[in-house]
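One structure below.
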Amino acid sequence: MQIFGFPTSPYVRKVMLIAAEKDAPAELVEATPHNPTPEFLAASPFRMMPAMQDGEFRLPDSTAIAFYLDARFPEPPLLPEEAEARGMAIWLDEFADTVLANSARGVAFNRYIGPALLGLPKNEDAASEAEAKAHPALDYLEEQVPENGWLVGDYSLADMAVASCLKTLSYGLDVKARPKTAAWLERIEVRRAWQKIAGLERDMIEEAIASGAHRPG
Ligand SMILES: N[C@@H](CCC(=O)N[C@@H](CS)C(=O)NCC(=O)O)C(=O)O
């Protein structure tokens, strides 16, 4: 199974974290909307990452891929069984993919990813505008995070989606400024699956910077 994308994207990282937790044989194949490959374009009709190919089956969208993975590799389950917990986990995934991801991408792209990986100038005005929207979302998250354990019941889609966004945001902002959020992130960072994907991300960033492969022209 191949996942097309680049791991600084919160959506790509989310899918790779889920695959790693499930020990699913998912290979991250580098492709971006700026630097698409024919395989990526075939799997992602609107040029958004991530996209997946499993045999002849192709699928875009992190949440669609997440639930495909959950059906193919049911253990450990992505969502809690109990109704309220399940509802909350799906809400927190949506919160991550919309409210948090929009500001995370604005901060990270304009302060780090654009300059370091695409050779674009830093855009502090755009980053500050995105950061202003990130703080209310981070305050909301701090209220949701428990003193111990995970966002909703067992480690779930909610933890992976939200933590993935915070990792993207961390390229331009201190995401450990709020104590409960910081402690929860530290619990996640020692997980085997997190370390595997964080290592892959570090290697791919270093490689991209060294080769200049993503620079326009
Ligand atoms: N709902 C989609 C969002 C994917 C998305 O917006 N990915 C961004 C990268 S972080 C992208 O590919 N953007 C390119 C574009 O919008 O043209 C998902 O969950 O996968």
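For reference, positions follow the sequence shown, starting with 1. First listed ligand is number 1; within each ligand, the first listed atom is number 1.
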Nearest to [atom] by heavy atom, [options]: which?
| atom | options | result |
| --- | --- | --- |
| atom 17 (O) of ligand 1 | K14, R47, H34 | R47 |
| atom 3 (C) of ligand 1 | F40, F46, Y11, F109 | Y11 |
| atom 7 (N) of ligand 1 | R105, M49, M48 | M49 |

> Listed by chain and number, what are the side-chain hydrogen bond (donor to acceptor under 3.5 Å, both in side chains) partners of T63, not counting sequence neighbours?
Replying inline: K14, D93, D97
> Under 4.0 Å from ligand 1, counting heavy atoms only, is it the side chain of S62, its backbone, both or neither?
Replying inline: both
> Between Y171 and Y112, how do the two ring planes meet: parallel, tilted or perpendicular, split at 30° and 60°?
Replying inline: parallel
> So, does N123 use its side chain to make a donor-acceptor pair with the main chain of N110 at under 3.5 Å?
Replying inline: no
> Does CG in D154 sit with more than 12 non-hydrogen atoms of other residues, nucleotides or ligands closer than 6.0 Å?
Replying inline: no
>> Taking atom NZ as the centre, does K180 end up with more than 12 heavy-atom neighbours from other residues, nucleotides or ligands that are less than 6.0 angstrom away?
In response: yes
>> Give the atom numbers and elements of ligand 1 that come within less than 4.0 Å of a heavy atom of P50.
In response: 20 (O)
>> Looking only at protein heavy atoms, which one is nearest to atom 14 (C) of ligand 1, and what is the separation?
In response: P33 CG, 3.5 Å
> Which residue owns the protein heavy atom closest to atom 10 (S) of ligand 1, what's the atom, and how far is it?
Replying inline: S9 OG, 3.2 Å
> Is a salt bridge present between K196 and D23, judged by a nitrogen-to-oxygen distance below 4.0 Å?
Replying inline: no
> When only distance counts, is D61 in polar contact with ligand 1, meaning an N/O pair under 3.5 Å?
Replying inline: yes
